[in-house]
Structure formats: C-alpha cells, structure tokens
K.L.:
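Quick one: the structure is below, questions incoming.
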Amino acid sequence: MVVAPLRQLARRGLSGLVLAFVAAFGVIFFHAIAQHPRGETAVRILGGVQGDLPLWLALLRTPVSLYVPALDLPVWAGISQLFLAFALAELTLGRGRTLFISYATTLAGTLTVRVMLAIGPGRWGLGLPPGIGHVLDTGPSAAVVGLFTYLSVVRRAPVVFLLTGGSMVAESVVRPNLAGREHLIAVATAVLLAVAHERAWRRLPRPARRPRTTAAAPTPAVPAALAYPEPMRTGGRTGDR
C-alpha cells in the first residue's frame with residue numbers, strides 16, 4: 001500500500017499526484033465559494049445531487065459533486081483523506097482507473113438511493129421515506145471510501161479493508177443516515193470491481209514458455225599446423241633446380 005506508491009512518486013515526481021492536487025484544490029475552491037449565500041446557491045446548482053432530481057440532471061451534476069464537500073463535516077480533515085486516497089490510487093492504479101473507480105462508486109450510491117426512494121419506507125429495511133430525496137449526496141467521501149476499499153482488495157491489505165469497511169458499518173449502525181448507506185454502497189461497488197478486475201487479469205492468456213535449447217558443444221580448437229597445412233613441395237631436394 002505504501003512502498004510501491006513511494007517508489008512511483010520518487011520516479012515520477014509531482015506529476016504522479018495530478019489527480020490528488022486537482023481533487024484537493026477543487027474541494028477547497030467549492031468550500032470557499034459556499035461560504036457566501038450566493039456562492040452556496042451556485043454550488044448547489046453546479047454539483048448538488050439529490051434523490052428527487054430528474055435522472056438526467058443528477059447524472060450531469062455527479063462529476064462536479066466529487067468536489068462539493070458535505071456541509072456538516074470538517075472540510076480540512078476530509079481534504080487530507082481525499083488527497084491521500086487519490087494520491088495512493090493514482091500512483092498504484094494510474095489516472096484512468098482512479099477516475100473510473102471514483103466516479104463508479106459515487107454514481108452507484110446516487111443511483112441506489114433513487115431505487116431506495118422508489119421502494120418506499122417499511123419494505124425489507126431498504127426503502128427510504130420521500131423526505132430523504134431533499135438531502136444532498138455525500139460528495140467526495142463516497143469516492144474516498146471506494147478508492148481505499150478497491151486498493152485494499154487489489155493490494156491484499158486486510159487491515160486497511162477492515163478500517164475502511166468496518167468504520168462504514170459502524171457509522172451506519174451508530175448514525176443511520178443517507179451518507180452511511182451511500183458509503184456502504186461505495187464499499188460494495190469497489191469490492192465487486194476489484195474482484196472482477198482480478199478475475200479478468202487471471203483469465204488473460206499467458207505467454208508460452210520457450211523450450212530450453214541445448215547449448216551447442218564448443219568447437220575444439222584446431223592446431224595451426226592442421227588448419228593451415230604447409231604447401232607441398234613439387235621439386236626434389238632443396239638444392240636441385
């Protein structure tokens with residue numbers, strides 16, 4: 001979880017932390033704007049995702065919602081976790097897969113909440129009352145949970161997995177709310193994506209091993225007298241002409 005990313009960081013430098021810096025500065029930017037009444041309205045219009053929004057509008061706002069912090073959480077503690085999650089993921093997985101995992105886990109929570117609202121309260125404990133549709137989604141925290149969970153599975157880090165998934169389960173039990181459910185959905189989605197990636201990697205055809213060739217026996221050295229025989233003398237004795 002740490003040694004391999006540090007080696008990549010030493011090799012690539014700050015260019016390996018582009019997504020981490022963009023995510024952190026994006027959250028700081030939207031948090032600063034949201035401190036003013038007009039700015040808070042603008043942030044809600046650009047990246048505020050709720051369960052009662054039309055689906056097309058929710059999908060349009062979901063990428064921006066990755067940078068909109070929750071108003072009831074300490075933003076600076078969240079930024080440090082966000083930077084660490086994106087930094088480890090970018091150095092370990094690459095930018096493309098990091099973006100895919102973060103967006104997929106966030107989108108899974110957004111879509112599942114809509115399904116829970118459609119089910120309604122009192123059905124198998126999964127449904128939600130209509131009033132939850134006015135509550136904002138978790139923002140970047142679902143992506144952070146998803147990235148940590150995905151990394152813990154693909155890098156075989158059970159301690160990190162227990163700290164991430166276990167804390168989400170404890171949060172849902174102690175403080176049952178919309179954010180807790182979305183975090184659990186993010187954990188489940190990340191686990192499924194990691195398992196699917198591992199199985200696909202194992203099914204890739206392996207290059208066939210070349211048979212070992214027997215080393216050719218070294219050619220014995222030929223004496224110079226045999227390699228270059230002395231020319232035959234056609235005359236008689238040396239003195240005869």
Side-chain angles (χ1 to χ4, degrees), residues 17-87 89-90 95-96 98-121 126-148 168 171-172 175-187 189-190:
L17 302 176
V18 173
L19 291 182
F21 281 115
V22 170
F25 285 127
V27 171
I28 295 174
F29 174 75
F30 281 103
H31 174 71
I33 292 179
Q35 301 306 309
H36 306 281
R38 294 183 179 178
E40 182 180 357
T41 303
V43 170
R44 276 182 170 268
I45 294 175
L46 292 175
V49 178
Q50 302 167 194
D52 57 355
L53 288 177
L55 181 59
W56 67 270
L57 186 57
L59 295 177
L60 189 63
R61 294 182 180 181
T62 298
V64 185
S65 69
L66 293 174
Y67 307 102
V68 178
L71 300 178
D72 58 341
L73 295 177
V75 63
W76 294 108
I79 288 175
S80 62
Q81 296 177 7
L82 179 73
F83 184 88
L84 181 60
F86 272 89
E90 185 176 2
R95 293 176 186 172
T98 300
L99 287 174
F100 174 75
I101 298 300
S102 59
Y103 183 75
T105 51
T106 303
L107 185 61
T110 300
L111 297 179
T112 307
V113 166
R114 301 177 72 89
V115 175
M116 293 179 178
L117 288 172
I119 293 175
L126 298 176
L128 293 173
I132 300 296
H134 303 289
V135 180
L136 287 176
D137 280 358
T138 57
S141 60
V144 172
V145 172
L147 288 175
F148 273 126
M168 295 303 101
E171 175 192 5
S172 301
R175 189 182 177 185
N177 53 14
L178 180 63
R181 295 199 178 197
E182 290 189 350
H183 290 162
L184 290 179
I185 295 168
V187 169
T189 304

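Treat the numbers as computed from the prediction; the structure is a model and nothing was measured.
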K.L.:
Checking the side chain of Thr105 only, and the main-chain atoms of Ser102 only, is there a donor and an acceptor separated by less than 3.5 Å?
P.N.:
yes

K.L.:
Please confirm whether the backbone N or O of Leu46 pairs with a side-chain atom of Arg61, one donor and one acceptor, at under 3.5 Å?
P.N.:
no

K.L.:
Can you see which heavy atom on Val27 is nearest to which on Pro140, and at what distance?
P.N.:
CG2-CG, 4.3 Å

K.L.:
Find the distance between OG1 (Thr110) and CG (Asp137) and round it off to the nearest 0.5 Å.
P.N.:
4.0 Å

K.L.:
Would you call the rings of Phe83 and Phe21 parallel, tilted or perpendicular, taking 30° and 60° as the class edges?
P.N.:
perpendicular

K.L.:
Would His31 and Gln35 count as having a side-chain donor-acceptor pair, cut-off 3.5 Å?
P.N.:
yes

K.L.:
If you look only at pairs with a residue in residues 46-56, which of them pass as a side chain to side chain donor-acceptor pair (under 3.5 Å), with sequence neighbours excluded?
P.N.:
Arg44-Gln50, Gln50-Asp52, Asp52-His134

K.L.:
Does atom CZ (Phe25) have a neighbourhood of more than 12 heavy atoms from anything else shown, all under 6.0 Å?
P.N.:
no

K.L.:
Hey, are the side chains of Val145 and Val187 touching, using non-hydrogen atoms and a 4.5 Å cut-off?
P.N.:
yes

K.L.:
To the nearest 0.5 Å, tell me how far Ile185 CD1 sits from Thr112 OG1.
P.N.:
4.0 Å

K.L.:
Determine whether Val49 and Leu136 make a side-chain contact, defined as any pair of heavy atoms from C-beta on separated by less than 4.5 Å.
P.N.:
no

K.L.:
Taking all non-hydrogen atoms of both residues, which atom of Leu82 and which atom of Ala24 are closest, and how far apart?
P.N.:
CD2-N, 4.1 Å

K.L.:
Please report the shortest heavy-atom distance between Ala108 and Thr189, naming the atom on each side.
P.N.:
CB-OG1, 3.3 Å

K.L.:
Is there side-chain contact between Phe148 and Leu84, with at least one heavy-atom pair below 4.5 Å?
P.N.:
yes

K.L.:
Please tell me if the side chains of Phe86 and Val22 come closer than 4.5 Å, counting only heavy atoms from C-beta onward.
P.N.:
no

K.L.:
Supply the atom-to-atom distance Leu66 CG to Thr106 OG1, rounded to the nearest 0.5 angstrom.
P.N.:
4.5 Å

K.L.:
Between Ala58 and Arg114, which heavy-atom pair has the shortest distance, and what is it?
P.N.:
CB-NH1, 4.0 Å

K.L.:
Check whether any side-chain heavy atom of Leu55 sits under 4.5 Å from a side-chain heavy atom of Leu111, and report yes or no.
P.N.:
yes

K.L.:
Using the side chain to side chain contact (heavy atoms under 4.5 Å, CB included) criterion, which residues pair with Val115? Sequence neighbours excluded.
P.N.:
Ile119

K.L.:
How far apart are the closest heavy atoms of Glu40 and Ala34, and which atoms are they?
P.N.:
CB-O, 3.6 Å

K.L.:
Suppose we screen for salt bridge (Lys or Arg N to Asp or Glu O under 4.0 Å). Which residues come up paired with Glu182, at least two apart in sequence or across chains?
P.N.:
none

K.L.:
For Arg95, is there any backbone N or O sitting under 3.5 Å from a side-chain donor or acceptor partner on Glu90?
P.N.:
no

K.L.:
If you look at every heavy atom in Gly47 and Ser65, which pair is closest and at what distance?
P.N.:
O-CB, 3.2 Å

K.L.:
Are Leu117 and Pro130 packed together at the side-chain level, in the sense that at least one heavy-atom pair is separated by less than 4.5 angstrom?
P.N.:
no

K.L.:
Within a strict 4.5 Å, meaning less than it, do heavy atoms of the Leu128 and Leu178 side chains meet?
P.N.:
yes

K.L.:
From Thr62 OG1 over to Tyr103 OH, what is the distance, rounded to the nearest 0.5 angstrom?
P.N.:
5.0 Å

